[in-house]
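Chain identifiers are assigned alphabetically (A, B, ...) following the order of the sequence lines, protein sequences preceding nucleic acid strands; residue numbering begins at 1 within each chain. Being a predicted model, the structure only gives us computed values, none of them experimental.
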Amino acid sequence: MTQRRILVTAALPYANGPIHIGHLVEYIQTDIWVRFQKLRGHRCVFVCADDTHGTAIMIRARQENRSEVELIAEMQQRHEADFAGFDIQFDNYGSTNSEENRRLCGEIWAAVTKAGLVVDEDVEQLYDPEAQTSLADRFVRGTCPCCKTPEQYGDHCEKCLHTYSPTELIDPKSTLTGAVPEVRTSAHKFIELEQLHDFLDQWTQSGEHLQTEVANYLKGHFLGAEGDKENPRKVLRNWDVTRPPDYFGFEVPDFPGNYWYVWFDAPIGYLASTKQWCDRHGEDFDQWWRNDATEVHHFIGKDITYFHTLFWPGMLKSAGYNLPTKVHIHGFLTVGGEKMSKTKGTFVQAETYLKHLDPSYLRYYYASKLGAKLDDIDMNLEEFAAKVDSDLVGKVVNIASRSAKFAQPSGLSKTYPEDEGLFAHAAGQGADIAVAYEQCEYNKAMRLIMELAANANKYWDAKQPWLLRKDPERAAELQDVCTVALNLYRQVVVYLAPVLPRLAQQTGELLSSQITHWDDAQTPLVGVAVAPFKHLLQRVNTKDIAAMTEESKEAPTTTPASSADSDQPLLDEPLAEECSFDDFMKVDLRVARVVNAEEVPDARKLVKLTLSLGGDNQRTVFAGIKAAYQPEELVGRLVVMVANLAPRQMKFGLSEGMIIATGPGGKDVVLLQPGEGAQVGQRVH
RNA sequence: GGGCCGGUAGCUCAGUUGGUUAGAGCAGUCGACUCAUAAUCGAUUGGUCGCAGGUUCAAGUCCUGCUCGGCCUACCA
């Protein structure tokens with residue numbers, strides 16, 4: 001087999017938060033792939049880095065009253081510890097805030113400038129005078145210009161789904177400082193991606209580098225196609241790649257006082273991290289990034305598809321670097337069929353997991369679930385325990401557990417005995433398993449491997465060596481059966497080695513011979529000593545899972561005192577500006593009764609309510625509570641409505657008010673209900 | 001509204017270019033064994049392959065329509 005030269009990256013974790021089990025899907029997926037390639041004897045280098053720049057880091061450092069450099073150093077240390085705890089082994093783990101990265105950013109900037117891709121444009125943006133920084137859309141909240149819902153993000157309203165620019169918000173506030181933002185115009189540099197349209201079209205649609213779903217998505221949303229009536233060729237928007245001060249990042253050399261946007265320098269971090277590795281090992285950087293013989297594989301989540309499949313190839317192309325051979329895109333992690341949730345304790349940080357459970361469990365469980373598609377994967381905690389127990393402990397480790405003790409006195413036979421073709425069969429399966437790993441079909445690989453483990457157990461049962469042991473004259477026969485069983489076991493462990501490096505290591509110790517190559521599964525081990533058996537892997541203790549979930553729950557529910565209420569809601573949504581009594585009295589809140597409630601068939605969020613204010617006074621109100629309430633459960637109940645709100649024409653009819661509710665939206669909406677004794681039509685004040 | 005992906009046993013999924021009686025693991029039931037971390041082995045229950053049409057000698061697989069779920073994207077404004 002010819003030795004391939006492969007460079008692998010996983011997405012750079014942002015230095016603003018800790019690693020959690022959702023991130024680990026990607027790092028475990030990537031680490032398995034890398035270990036597989038190395039085991040196969042290829043030259044494979046796995047680089048990653050912390051993504052350190054941007055407004056969020058700057059603000060957090062200020063809040064914590066320390067420098068950004070100090071903050072990112074601490075976060076990096078924690079990230080690296082988490083990765084190490086899960087046996088994720090990088091050849092180099094760098095930082096986007098490195099000298100190597102600064103230099104490479106400069107070089108690529110010069111290249112895209114020279115290629116004529118950089119254009120100047122003025123940008124009107126909100127600016128926080130207190131923090132002295134311009135505000136990205138998500139850092140601005142205000143009242144929706146359309147439906148007047150307060151506390152909406154700068155780019156869209158969660159209530160009415162209207163999209164707008166942050167400058168259109170009514171009463172905008174910076175979420176960083178609470179200050180009223182000013183509108184400022186500043187000069188930015190843009191990259192005119194449209195110039196690369198033909199190249200990107202060809203690169204994304206070639207069928208070689210991306211999953212087909214991804215290629216279709218890009219074609220449908222960004223590229224379009226010449227002559228296609230339904231989806232005509234689209235013009236790619238210019239990409240804003242600089243930020244005015246204050247910003248934590250690298251200053252743009254030919255644009256003093258301005259900084260590269262974090263998404264410009266982050267992917268260049270892949271190059272910078274490679275450079276560090278090269279310098280440390282006396283390797284030629286150009287061999288890895290400017291040589292067609294080198295494969296470049298990026299592993300990313302579907303949320304950052306856009307950057308890695310359009311901008312990034314565009315930048316690499318313009319600067320004359322290798323293009324990605326493949327961008328492997330995976331889906332998100334759900335737990336118990338739902339998004340990870342801090343209240344349910346399913347938002348588990350890497351650190352918390354490691355306090356309670358063995359990292360091998362998660363590596364195997366993810367491997368058994370991961371395919372090559374970008375579907376989300378679901379972590380079901382019962383299934384997690386069942387799979388680890390029955391596959392790893394019951395099937396795999398069990399083979400060694402039942403045979404090692406018998407084999408220990410004698411060691412393995414000098415020649416490999418007759419085994420009914422089992423070893424040869426499993427050796428042959430190596431090719432199919434390798435293909436599955438190569439194509440990121442780990443679920444398939446695990447299935448094939450477990451079949452081999454089952455064969456070994458069957459063999460053992462058929463031979464009944466525990467009976468042989470009782471007859472001293474059949475010692476040689478017993479030794480042969482153990483030799484077969486332990487060799488079949490070792491084969492399985494070789495195939496599992498990318499997923500379970502610890503088990504591979506322990507198995508090496510057990511059989512006095514370390515696993516170093518995939519082809520170790522092709523030749524049986526004979527004549528070696530067998531070390532005393534030690535437990536290789538414990539069963540999953542469900543109490544540990546429960547303890548982990550418990551520790552991951554954010555607000556302790558045990559303490560009823562009001563001081564135990566989390567301050568998170570208040571932090572998420574700071575108090576609005578003070579208003580006068582007169583201001584308050586402008587809003588006429590009334591008790592109303594829901595007399596009718598019906599689904600609005602074409603609306604996603606809306607329920608059509610008919611509210612009675614008493615007598616013949618009825619109002620029709622469209623409320624965005626479909627996900628939280630069934631229409632029938634609303635009929636008859638009292639609600640509080642804004643009775644003097646200007647009517648609004650919606651697609652489905654005229655909405656003549658709003659009803660008062662709390663919660664972030666979607667399913668988490670709670671209607672406020674007047675207590676006992678409230679009468680329909682009464683004003684609330 | 002548009003795009004993409006998916007709907008196969010109670011659960012998680014596999015089913016290659018259409019080709020015999022649709023498979024695996026887990027769970028369930030019965031039995032065997034006792035070497036092993038209450039592990040293992042054998043047997044067995046269980047499916048109108050989302051629904052309805054069509055193409056074909058033959059459809060889980062191809063085509064059309066519908067339906068449900070997920071994700072993305074938009075609009076009503």
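For A:F190 and A:W239, the gap between ring centers reaches or exceeds 6.0 Å. Ring to ring, A:F222 and A:Y217 are close: their centroids are under 6.0 angstrom apart. Centroid-to-centroid, the aromatic rings of A:W312 and A:F307 stay 6.0 Å apart or farther.
Taking only side-chain nitrogens and oxygens, A:K302 never comes nearer than 4.0 Å to OP1 or OP2 of B:C72.
Applying the 3.5 Å distance criterion, the base of B:C35 shares a donor-acceptor pair with the side chain of A:W460.
Rounded to an integer number of Å, the gap from A:I449 CD1 to B:A24 C1' is 15 Å. Protein atom NZ of A:K219 is 10 Å distant from nucleotide atom P of B:C4, rounded to whole Å. The distance from atom CG of A:L536 to atom P of B:A36 is 15 Å, rounded to the nearest whole Å. A:E451 places its CD atom 11 Å from the C1' atom of B:G23, with the value rounded to the nearest Å. Here B:A39 presents its P atom at 14 Å from CG of A:L537, a figure rounded to the nearest Å. Atom pair A:Y217:OH and B:A74:C1' shows a separation of 13 Å (rounding to whole Å applied). A:R402 places its CZ atom 6 Å from the C1' atom of B:C35, with the value rounded to the nearest Å. Separating the CD atom of A:E441 from the P atom of B:A24 is a distance of 21 Å, rounded to the nearest angstrom.
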Could you go over nucleotides 26-34 of chain B and give all protein N or O partners under 3.5 Å, atom names and distances?
from	atom 1	to	atom 2	distance (Å)
B:C26	OP1	A:K395	NZ	2.7

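Looking at A:D378 and A:T334, their side chains do bring a donor and an acceptor atom within 3.5 Å of each other. Of the N and O atoms on the side chains of A:Y306 and A:D303, not one donor lies less than 3.5 Å from an acceptor on the other residue. Remark: the A:Q429 side chain and the A:Y495 side chain contain no N/O donor-acceptor pair separated by less than 3.5 Å. No side-chain donor-acceptor contact under 3.5 Å links A:Y459 and A:D419. No hydrogens or angles considered: a donor-acceptor pair under 3.5 Å links the side chains of A:H297 and A:H328. For the residue pair A:E26 / A:H330, a side-chain donor-acceptor distance below 3.5 Å is found, with atom types taken as modelled.
Between B:G42 and B:C5, the distance separating the two P atoms is 40 Å to the nearest Å. Nucleotides B:A36 and B:G31 place their P atoms 24 Å apart, quoted to the nearest Å. Between B:A59 and B:C49, the two P atoms lie 12 Å apart (nearest whole Å). Annotation: B:G28 and B:U34 have their C1' atoms spaced 23 Å apart (nearest Å). B:U61 and B:U8 have their C1' atoms separated by 12 Å, given to the nearest Å. Nucleotides B:C63 and B:U56 are separated by 16 Å at their P atoms, to the nearest Å. Nucleotides B:G53 and B:U45 place their P atoms 31 Å apart, quoted to the nearest Å. Distance check on atom C1': B:A24 versus B:U67 gives 29 Å, rounded to whole Å.
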All N/O donor-acceptor pairs, side-chain side in residues 477-487 of chain A, below 3.5 Å, sequence neighbours left out:
from	atom 1	to	atom 2	distance (Å)
A:E477	OE1	A:R474	NE	3.1
A:E477	OE2	A:R474	NH2	2.9
A:Q479	NE2	A:S410	O	3.4
A:Q479	NE2	A:G411	O	3.1
A:Q479	NE2	A:L412	O	3.4
A:D480	OD1	A:S413	OG	2.6
A:T483	OG1	A:S413	N	2.9
A:T483	OG1	A:S413	OG	2.9
A:T483	OG1	A:Q479	O	2.7
A:N487	OD1	A:L525	N	2.7
A:N487	ND2	A:T483	O	3.0
A:N487	ND2	A:L525	O	2.9

Solution key, residues 395-404 of chain A side-chain donor-acceptor pairs under 3.5 Å, sequence neighbours excluded:
from	atom 1	to	atom 2	distance (Å)
A:R402	NH1	A:N457	OD1	3.0
A:R402	NH2	A:D461	OD1	3.1
A:S403	OG	A:I399	O	2.7

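With B:A36, B:C72, B:C71 as the candidates, the nucleotide lying closest to the side chain of A:D376 is B:C71. Closest to the A:N398 side chain, of the nucleotides B:A36, B:C41, B:C35, is B:A36.
Nucleic acid contact class of A:V214 (heavy atoms, under 4.0 Å, all strands): none. Counting non-hydrogen atoms under 4.0 angstrom, A:A404 reaches nothing in the nucleic acid.
In terms of position on RNA chain B, the residue among A:N455 and A:F332 whose nearest nucleotide sits closer to the 5' end is A:N455.
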Paired and unpaired positions of RNA chain B as dot-bracket, Watson-Crick or G-U wobble under 3.5 Å, | denoting a partner strand
(((((((..((((.....[...)))).(((((.......))))).....(((((..]....))))))))))))....
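Between A:D87 and A:R363 there is no salt bridge, since no side-chain N of the basic residue sits under 4.0 Å from a carboxylate O of the acidic one.
Taking every heavy atom of residues 538-548 of chain A and every atom of RNA chain B, pairs under 4.0 Å involve A:R539, by number.
Ring geometry for A:F347 against A:H20 counts as tilted: the plane angle lies between 30° and 60°, on a 0 to 90° scale. Taking the six-membered ring where tryptophan is involved, the planes of A:H209 and A:W203 are essentially parallel, since the angle between them stays under 30° and well short of 60°.
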What string of B, S and - do you get for nucleotides 5-15 of chain B, 5' to 3', when a contact is any protein heavy atom under 4.0 Å?
SS-----SSS-
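Distance check: A:L500 CG to A:L537 CG gives 7.5 Å after rounding to the nearest 0.5 Å.
Cation-pi contact between A:K302 and A:F332: present, with separation from the ring centre below 6.0 Å and deviation from the ring axis of at most 45°.
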